[in-house]
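In this chain, residues are counted from 1 in sequence order. This is a predicted model, so every value here is computed, not measured.
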Amino acid sequence: MNLLDQNRAPIYEALERYKSMRVVPFDVPGHKRGKGNIELTRFLGEKCLTVDVNSMKPLDNLCHPVSVIKEAEELAAAAFGAQHAFFMVNGTTSAVQSMILSVCKRGDKIIMPRNVHRSAINALIISGVIPVYVNPGINQQLGIPLGMSVANVKRAIEQNPEAKAVLINNPTYYGICSDLNTIAALAHGYGMKVLVDEAHGTHFYFGENLPVSAMSAGADMAAVSMHKTGGSLTQSSFLLCNHPDIHQGYVRQIINLTQTTSSSYLLLSSLDISRRNLVLHGKEIFARVKDLSGYAREEINKLGGFYAFSSELIDGDAVFDFDTTKLSIHTLDIGLAGIEVYDLLRDEYDIQIEFGDIGNILAIISVGDDMFVLERLISAMAEIKRLYQKDKAGMYNHEYINPEVVTAPQEAFYATKHAIPLQQSAGQVCSEFVMCYPPGIPILAPGERITKEILEYIAYAKQKGCFLTGTEDIYIENINVVGGS
């Protein structure tokens, strides 16, 4: 497919044609192009509401595309260098789960890092697939989990040759990349599929001098959050497929097990338009993003106390590469947890960053940013240091604790269980999740032993203001554990 084809946006074009037909709607949605909900129309705009429509012949159907959606998927596949691209409107969560369900069945093993997004472990609960966890390395200075070491993956593959797939999250939230090429070759040598949670890697396909993309590295499937760095609307993503033995029709059936049958044309058209924009302008867009991130990193490091880390972390293994568009900043040296800086930026300076955890913050830099907003961020960071810096004694210094896995996630989640006070649960086997969100990487997952160290981490995270989720108890004071009361 040539570049001229990429000037097309079939779903967007079909919506424009449909609008021009002035069709009288006797179908859903019930707001009838906004006329039935004036307040919503004022809030979102008439142009938005007129294309919030239902599937129909002129607009195709995402569950079984045969015309404009099919054409848009073919253009997306060509843009990403994949054999097929599926439009996903249930977020990258749905794409990650569809990858796992497409290549694994109940009782199969999958090799994956433990610091995966909760969506991957949720897929194990749904499917009954058995995880073989590869614990990531830890950067002791920053306290953050790294990528997957090739030696650790090789060991897991050799000890579990019957595993069906290897899942890699690349890049991590912090921008750290694993050696995709080598891991893919290792897995393929044992007949295993290679799945990549590439939620934060859309720009790898369209920028220059960035880490290798999953499709370029020979991955079989990848879940790509187009909305994170690609410009589409929240909840819109692509699932890429690049293996002849993974049949498109079967993957579609898997997707349709959980994805809505009422797909939003706002989300679909945003994917279509954003793909076109990145193909035509991605190189210049992401060159500018890299420049902006590099400038901000340099200026923040000049402040002292903060450490905006980057490609100097590369070690050729667990940090095989680094995404320099990321602005990840270590905060502990000024005596503040990342979540405290996150809260200060929002509450005192009206700056909303992506997340703050125990020791770090992450600011997402994208096509929508400019030098003015970066200067505002840099100035706020300088003032936070001046006004709020304190002694760092007693600060918790690491984000990731290696879990003790006792039983499979599905078995623990559906087991007979009872709730006990969280602080009395040491030694018990967890039956639910505990995590800070974002980033949504579980501190505890079903089937893991609750330890004193984990409880101390949770208590510290609560004290510092992390938004904890995952338990039935919305206050995270009680936790479900395996076994009768």
Side-chain angles (χ1 to χ4, degrees), residues 96 99-100 103-104 108-118 120-121 123-124 129-201 211-212 214 217-223 309 311 313-323 398-409 439 441-445 447-449 451 453-454:
V96 168
M99 283 198 304
I100 294 172
V103 301
C104 298
D108 287 344
K109 288 183 179 180
I110 184 169
I111 296 167
M112 61 168 62
R114 172 55 180 76
N115 60 321
V116 290
H117 189 265
R118 68 173 295 176
I121 300 178
L124 307 182
V129 174
I130 309 299
V132 176
Y133 290 129
V134 175
N135 286 317
I138 303 292
N139 180 291
Q140 296 302 325
Q141 177 190 1
L142 304 175
I144 62 172
L146 305 177
M148 295 176 82
S149 162
V150 170
N152 289 345
V153 175
K154 186 173 188 291
R155 187 179 307 113
I157 288 173
E158 289 174 347
Q159 292 175 355
N160 300 273
E162 73 279 19
K164 299 297 183 184
V166 176
L167 173 71
I168 309 148
N169 53 321
N170 194 79
T172 69
Y173 239 116
Y174 302 100
I176 291 165
C177 299
S178 302
D179 185 355
L180 284 188
N181 283 296
T182 301
I183 292 172
L186 271 172
H188 288 154
Y190 280 77
M192 299 178 190
K193 301 294 190 300
V194 177
L195 316 178
V196 181
D197 179 350
E198 208 170 21
H200 286 267
V212 66
D220 300 301
M221 301 183 82
F309 49 92
S311 52
L313 298 183
I314 292 173
D315 62 9
D317 189 24
V319 189
F320 184 77
D321 207 345
F322 190 87
D323 175 11
H398 62 280
E399 299 292 339
Y400 179 77
I401 301 170
N402 287 342
E404 179 191 344
V405 179
V406 178
T407 187
I441 296 167
I443 302 165
L444 275 170
E448 295 175 359
R449 181 85 62 194
T451 65
E453 184 183 13
I454 288 171

Polar side chain donor-acceptor pair, Tyr400 to Asn135, under 3.5 angstrom: yes

Is the shortest side-chain heavy-atom distance between [X] and [Y] below 4.5 Å?
X: Glu453; Y: His398; result: yes
X: Val129; Y: Lys164; result: no
X: Pro442; Y: Arg114; result: yes
X: Pro131; Y: Ile121; result: no
X: Ile314; Y: Phe320; result: no

For the student: nearest non-hydrogen atoms of [X] and [Y], plus distance:
X: Ile183; Y: Met148; value: CD1-O, 4.0 Å
X: Ile138; Y: Gly143; value: CG2-C, 4.3 Å
X: Ala184; Y: Ala217; value: CB-O, 3.6 Å
X: Phe322; Y: Phe309; value: CZ-O, 3.6 Å
X: Asn170; Y: Ser178; value: OD1-N, 2.7 Å
X: Asp220; Y: Lys193; value: OD2-CA, 3.2 Å

Start with the C-alpha distance between His117 and Val96, add both sets of side-chain angles, then the distance that settles side-chain contact (heavy atoms from CB on, under 4.5 Å), and finish with yes or no. CA-CA 9 Å; His117 189 265; Val96 168; over 6 Å; no

Derivation of the side-chain contact (heavy atoms from CB on, under 4.5 Å) call for Val166 and Ile157: CA-CA 9 Å; Val166 176; Ile157 288 173; 4.2 Å; yes

Evaluate the ring planes of Tyr173 and His200, with Trp represented by its six-membered ring, and classify them as parallel (under 30°), tilted (30 to 60°) or perpendicular (over 60°). tilted

Between atom [atom1] of [X] and atom [atom2] of [Y], what is the distance when rounded to the nearest 0.5 Å?
X: Asn402; Y: Asn115; atom1: CG; atom2: CG; value: 10.0 Å
X: Asn139; Y: Glu399; atom1: CG; atom2: CD; value: 11.5 Å
X: Leu180; Y: Ile168; atom1: CG; atom2: CD1; value: 5.0 Å
X: Ile111; Y: Lys154; atom1: CD1; atom2: NZ; value: 12.5 Å
X: Thr172; Y: Leu146; atom1: OG1; atom2: CG; value: 8.0 Å
X: Ile176; Y: Leu313; atom1: CD1; atom2: CG; value: 6.0 Å

